[in-house]
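For reference, the structure is listed below as structure tokens.
Numbered from 1 within each chain, the chains take letters A, B, ... in sequence-line order.
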Amino acid sequence: MEFSGRVWRLGDNIDTDVIIPARWLNTTDPQELASHCLEDIQPEFNHAVQAGDIIVAGRNFGCGSSREHAPIAIKASGVACVVATSFARIFYRNAINIGLPILECPGGTGSTETSHQLLVNVENGRVKNLTTGEVYQANPFPPFMRELIRAGGLLPYVAAQIGRQQQP
Amino acid sequence: MTITEKILADHAGLVEVHPGQLISARVDVVLGNDITAPVAIEQFATLGADRVFDPQRVILVPDHFTPNKDIKSAEQVKKVREFAREHGTVYFEVGQMGIEHCLLPEQGLVVPGDLIIGADSHTCTYGALGALATGVGSTDMAAAMATGQTWFRVPSTLKFVFYGHLPPWVGGKDLILYTIGQIGVDGAQYQAMEFTGETIAELSMDGRFTMANMAVEAGAKNGIFAADAKTISYIGERARRPFKVYRSDPDAEYAAVYEFDVRNLEPQVAFPFLPENVKPVSQAGPVEIAQVVIGSCTNGRLEDLALAARVLQGHQVHRDVRLIVIPGTQEIYLAAMRQGYIETFITAGAAVSTPTCGPCLGGHMGILAKGERAVSTTNRNFVGRMGHPESEVYLANPAVAAASAILGRIASPEEVV
Ligand code: SF4
């Protein structure tokens, strides 16, 4: 699976309160959530984001609350994947569970800036900045998580398990 | 093995587990609230499961936007209420409810040795009881409601040893803020934080809940305390189930050990916009404030209200400050009333509210306008956390919060008591 897209560059410690502020959590509608995604720190994001764009961030992306509304808002806004130096653990789990591809590049993503063009290979973890030519390496997913992603997220995976249990 | 590893091993039916290992484990309790449960309920419906794994172990607490702040919130809570009725799960209605992480231990619904997941990041609070409790998202909650199982990556453990008697006005909030200031907001990423040492032995249960509560603010999977006599006397009469006490082996392996001498620790204040931006209160400088919030799953317990009342007794809230006090549960509210704390708050000019998360997450009941600053006993001071993106939140203990409400600026309780 490969994505090529335009970059939105964010900093360290992007928390779930700025990804989707709590004042919008009285709904579960993905499109409505997407229309407020990142509005407190990148007011232009939800107007200008295009399907296939890629978020690139620093350390501890998605820290804070367990609201799954955060990866849901990002996914519904059309973002194809998120590349960060590291992710907060609940966000990491949630993103995998709902099928938002995320890649952890422990060595960072160099001079990558907003509006650069990025090529991301989810299988081998190779991330290439097509604007600068720089290449970064992301951690590959552990086999169990690859299985989850292949199944289409946690729900189809569990539904399959339940189905298996119910068979005589 | 550490306590965390032992609890995971037992719940996975394994003799041993090691950090990094992926395991599937049985969970004792699955928790959700009015923000996360509606998503999980929709997902549960798609799973093809017709009932929850054990209605007594699925706990639903609408507490964030309740009493319902608007029509949309009312619809969300209605969805949760109807699901709870249909499946016979544990459910707390307005009038009985409290902030989930104050409520579950008080009601004896979580006990030492439990493995608990909750679709709320501060589920880690129950680590104070010697349980392994961790926050997950709605999808995890949905899957666990159906199966009673979930997957975990076994975390490595960081050990924090605290030495020395706590100085006056210094408590669990200051210990954990100081710790986060030392290691940073991702200093315990994916790891367990085990708190121990002579200071911890002296610390009250309420103080321990506050510390475990904020483990997630250092990126941790869980915070944990070995259950001791204090734990047992707290949970003994409340527990609705038998429980098991785990202790770390003397030769348990830790990823790192931190030792903190806290004899000279001052009350700590976390400046915007991260809980790691910590300063001792004496170095806060002149910070004028418009609002003070005393409450939340971090500091909305009886001991917190007692401290605030002690500082506010005989004083008035500053004319430029709005003081909002929110007891964590109905039981805490009643006890605070009987002790006279509520009267002290109201006489001082505070607004006292029924239990709710409310302003802690910028939900309702005290939202900040542009440019306003608040001192709050809550756990997060992110951009826009309590209202306008250009408002600011300073995190502190309840005594500092009360003193600040009196003086209209960040203040030490020593300045007023
Ligand atoms: S009081 Fe604040 S931190 Fe605690 S559960 Fe409620 S919103 Fe979350």
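- The aromatic rings of A/Trp24 and A/His36 sit parallel, their planes meeting at an angle under 30°, below the 60° perpendicular limit.
- With a 4.5 Å cut-off on non-hydrogen atoms, B/Arg385 touches chain A through its backbone and its side chain both.
- Each of B/Ser73, B/Gly219, B/Gly135 has some count of heavy-atom pairs under 4.5 Å with chain A, and the biggest count is that of B/Gly135.
- When heavy atoms are compared at a cutoff of 4.5 Å, A/Thr16 does not approach chain B at all.
- Side chain to side chain, A/Asn97 and B/Thr139 fail the donor-acceptor criterion of an N or O pair below 3.5 Å.
- For a residue to count as touching a neighbouring chain, one of its non-hydrogen atoms must lie under 4.5 Å from one of that chain's; by this rule B/Glu42 touches chain A with the side chain only.
- For a residue to count as touching a neighbouring chain, one of its non-hydrogen atoms must lie under 4.5 Å from one of that chain's; by this rule B/Asp34 does not touch chain A.
- Taking the six-membered ring where the residue is Trp, A/Phe91 and A/Phe87 present parallel rings, their angle staying beneath 30° rather than reaching 60°.
- Against chain B, no residue from residues 46-57 of chain A qualifies, as none has a non-hydrogen atom under 4.5 angstrom away.
- The contact between A/Asn94 and chain B is made entirely by side chain atoms (from C-beta outward), counting heavy-atom distances below 4.5 Å.
- B/Leu274 touches chain A through its side chain: at least one heavy atom from C-beta onward sits under 4.5 Å away, while N, CA, C and O do not.
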Full working for side-chain hydrogen bond (donor to acceptor under 3.5 Å, both in side chains) between A/Arg89 and B/Thr134: CA-CA 10 Å; A/Arg89 66 159 275 278; B/Thr134 189; 2.8 Å; yes
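- Looking at A/Arg67 and B/Ser138, their side chains never bring a donor and an acceptor atom within 3.5 Å of each other.
- For chain A, the nearby part of B/Ala146 is the side chain; its heavy atoms alone come within less than 4.5 Å.
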Show the atom names and distances, to 0.1 Å, of all donor-acceptor pairs under 3.5 Å that link a side chain in residues 58-67 of chain B to residues at least two apart or in another chain.
| from | atom 1 | to | atom 2 | distance (Å) |
| --- | --- | --- | --- | --- |
| B/Asp63 | OD2 | B/Glu100 | N | 2.8 |
| B/His64 | NE2 | B/Asp120 | OD2 | 3.4 |
| B/Thr66 | OG1 | B/Pro62 | O | 3.0 |

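- For B/Leu22, the part lying near chain A is the side chain, with the backbone staying farther off; criterion is any non-hydrogen pair under 4.5 Å.
- Because its NZ or CZ atom is not both nearer than 6.0 Å to the ring centre of B/Tyr394 and within 45° of the ring axis, B/Arg373 does not count as a cation-pi partner of that residue.
- Only the side chain of B/Gln189 comes within contact range of chain A, with heavy atoms under 4.5 Å apart.
- Residue A/Ile96 does not touch chain B at all, counting heavy-atom pairs closer than 4.5 Å.
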